[in-house]
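Just below is one structure, and these are the notes that go with it.
In each ligand, atom 1 is the first atom listed, and ligand 1 is the first ligand listed. Index from 1, following the sequence.
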Amino acid sequence: KKQGRNNYQYYLPPEKTEAQMERFAMEAMLRKALEKDELLVYYQPRIHTKSEKVVCVEALVRWRHPSLGIIPPGDFIPLAEEIGLIAQLGEQVLRKACKQIKKWQDEGMKGLSVSVNLSPLQFKEQHLPGIISRILRQSGMRPEFLELEITESAAMQNVGRNILMLRELKEMGVKISIDDFGTGYSSLSYLKKFPIDSLKVDRSFISGIHQDPDDAAIVNAIIVLAKTLKLRVTAEGVETEQQYLYLQQHHCDEAQGYLFGKPMPPETFEEWYMLNTT
Ligand code: C2E
Ligand code: CA
Ligand code: CA
Ligand code: CA
C-alpha cells in the first residue's frame with residue numbers, strides 16, 4: 001500500500017495530465033476572453049411559416065480563440081458552468097443581443113425579436129429579473145422583443161421559486177419558451193403552472209419526420225398540444241424543403257434551421273436579411 005501511494009504519480013497516464021493542463025489553459029483563456037469581452041454572438045433566423053417572414057433570431061454564443069479559431073458553445077459552456085463563469089457569460093450575451101436587435105430595429109428590421117438561451121445555473125440566480133430589466137433599460141429594447149429559452153430540466157429544478165421568477169419576467173413583458181421540448185423527463189403538468197409562451201420542438205424529432213413514423217407522430221402531437229394550450233410552436237433543425245412543407249401543412253407556427261440559414265455573425269445576417277426580405 002505504501003508503495004502504491006508513492007508510485008501513484010508514476011502510473012498516471014500521460015494523456016490525463018495533458019488533458020488537465022489543456023483544461024487549465026482553456027480556463028485561463030476563457031476568463032481572459034470574458035474580461036476582455038471577446039465573446040461573439042451569432043444569429044440564426046426563425047421563420048414564420050405562414051407569412052414566410054423572419055420574425056426572430058436566436059442568439060448563439062461563439063468564442064474566438066486566438067489560436068483555435070471559432071469554438072462552438074458546446075465546447076466551453078460546460079466549462080463556464082463548472083468554474084462559475086456562466087452568469088457573467090450569460091449577461092454578456094444578453095447585453096450584446098439586446099443592443100444588436102435594438103440597432104437593427106432602428107435601422108428598419110421592424111418587429112424583429114431575439115431569443116437568448118439561459119443556462120440552468122443562470123436560472124438559479126436570485127436577481128435574474130433585475131439583471132434582465134437593467135439590460136433592457138440600457139439597450140432601449142422593449143421587453144416584448146426578448147424571449148428567454150429555458151430547458152425543462154432547468155425549470156424543474158426549483159419549481160416554486162422558478163414560477164415566481166418567470167411570472168416576474170412575464171410581468172415585465174419578456175417571453176418564455178421551452179427549448180428542446182420533448183427530450184426532458186418531466187411530467188406535462190408544469191405546462192399549465194408555468195407562464196410559458198412557446199415550445200421549441202427538438203431537432204431530433206424533426207430530422208426523423210420522413211424516416212420514422214414515430215417522430216412524425218410526436219411532432220404532430222406536440223403541435224396539437226401547443227395549439228390547445230395556446231402556445232406558439234417552433235420547429236428546430238429544419239434542414240430540408242420536405243420537412244418545411246410538412247411543418248407548414250401541420251400548422252407549426254415557426255421554423256428554424258440550416259434550410260433558412262446557419263447562425264451568422266451580425267454583418268453576415270444583415271446581408272442575409274437584405275437578400276431574403278424583399
Ligand atoms: P440549442 O439552444 O438547442 O441551439 C440550437 C443548436 O442547433 C445550435 O448549435 C445551432 O447552430 C444548431 N442548429 C440550428 N439549426 C440546425 C440545423 O438545421 N441542423 C443542425 N444539425 N444543427 C442546427 P450551437 O450554436 O452549437 O449551440 C449549441 C447549444 O449551446 C445550444 O443548443 C444551447 O444549448 C447552447 N448555447 C448556445 N449559446 C448559448 C448561450 O448564449 N448561453 C447558454 N447558456 N447556452 C448557449
Ligand atoms: Ca436554444
Ligand atoms: Ca434547442
Ligand atoms: Ca438542442
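A cation-pi arrangement is not found for Lys193 relative to Tyr190, the charged atom failing to lie both closer than 6.0 Å to the ring centre and inside a 45° cone about the ring normal.
Here the side chain of Gln44 pairs a donor or acceptor atom with the backbone of Gly261 at under 3.5 angstrom. Using modelled atom types, no side-chain atom of Gln88 and backbone atom of Leu85 make a donor-acceptor pair closer than 3.5 Å.
Within 6.0 Å of NE2 in His210 there are more than 12 heavy atoms belonging to other residues, nucleotides or ligands. Atom CD of Glu107 has more than 12 neighbouring heavy atoms from other residues, nucleotides or ligands inside a 6.0 Å radius. Arg64 CZ: 12 or fewer foreign heavy atoms inside a 6.0 Å radius.
At the Ca ion (ligand 3), the angle from OE2 in Glu236 to OD1 in Asp179 is 90° when rounded to 10°.
Between the side chains of Tyr244 and Gln248, at least one donor-acceptor pair of N or O atoms lies under 3.5 Å. Between the side chains of Thr234 and Glu254, at least one donor N or O lies within less than 3.5 Å of an accepting N or O.
In the vicinity of Val61, heavy-atom distances shorter than 4.0 Å reach the ligand 1 atoms 38 (N), 39 (C), 40 (C), 41 (O). Within ligand 1, counting atoms from 1 as listed, the ones closer than 4.0 Å to a heavy atom of Ser119 are 44 (N). Short contacts between ligand 1 and Asp180, defined as distances under 4.0 Å to a heavy atom of the residue, involve ligand atoms 3 (O). Of all the atoms in ligand 1, the ones that sit under 4.0 Å from a non-hydrogen atom of Pro73 are 24 (P), 25 (O), 26 (O), 27 (O), 28 (C), 30 (O), 36 (N), 37 (C). Those atoms of ligand 1 that come under 4.0 Å of a heavy atom in Glu239, given as number and element, are 17 (C), 18 (O), 19 (N), 20 (C), 21 (N). For ligand 1, the atoms closer than 4.0 angstrom to any heavy atom of Gly257 are 15 (N), 18 (O). Residue Gln44 approaches ligand 1 through these ligand atoms, each under 4.0 Å from one of its heavy atoms: 14 (C), 15 (N).
On a distance-only criterion, Glu149 and ligand 1 share no N/O pair closer than 3.5 Å.
The minimum distance between the Ca ion (ligand 2) and any N, O or S atom of Glu149 involves atom OE1. Summary: OD1 is the N/O/S atom of Asp180 found nearest to the Ca ion (ligand 3). Restricting Glu58 to its N, O or S atoms, the one at the least distance from the Ca ion (ligand 2) is OE2.
Contacts between Lys262 and ligand 1 below 4.0 angstrom, taking non-hydrogen atoms only, are absent altogether. Residue contacts with ligand 1 for Leu89 are absent, since no atom lies close enough (heavy atoms, distance under 4.0 Å). Contacts between Val238 and ligand 1, counted as non-hydrogen atom pairs separated by less than 4.0 Å, involve the backbone only. When heavy-atom distances to ligand 1 are checked against a 4.0 Å cut-off, Glu236 comes that close only through its side chain, counted from C-beta outward. When heavy-atom distances to ligand 1 are checked against a 4.0 Å cut-off, Pro263 comes that close only through its side chain, counted from C-beta outward.
Which of Ile71, Ile150, Asp75, Ile77 comes nearest to atom 43 (C) of ligand 1 through a heavy atom is settled by distance: it is Ile77. Ranked by closest heavy atom to atom 2 (O) of ligand 1, the top entry among Asn117, Thr183, Thr240 is Asn117.
One distance of note links CG of Leu225 with NZ of Lys227; it measures 11.5 Å at 0.5 Å rounding. Taking CD1 of Ile71 as the start and CZ of Arg62 as the end, the distance is 11.5 Å to the nearest 0.5 Å.
The closest approach between Arg62 and ligand 1 falls below 4.0 Å for a heavy atom of the residue. Within the 4.0 Å heavy-atom cutoff, Glu58 counts among the residues contacting ligand 1. Every heavy atom of Gly90 sits 4.0 Å or more from the atoms of ligand 1.
The shortest non-hydrogen separation linking Pro120 to Glu81 is CD-OE2, 3.9 Å.
Under the side-chain contact (heavy atoms from CB on, under 4.5 Å) test applied with Val93, the options Leu118, Asn117, Val41, Leu60 reduce to a single match, Val41.
With 3.0 Å as the limit, Ser115 does not count as an N, O or S neighbour of the Ca ion (ligand 2).
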Fill in: ring pair (Phe, Tyr, Trp, His ring centres under 6.0 Å) between Trp104 and Tyr43, intermediate numbers included
CA-CA 12 Å; Trp104 279 338; Tyr43 298 92; 5.2 Å; yes
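Between Glu27 and Arg31, at least one side-chain N (NZ, or NE/NH1/NH2) sits under 4.0 Å from a carboxylate O, which counts as a salt bridge.
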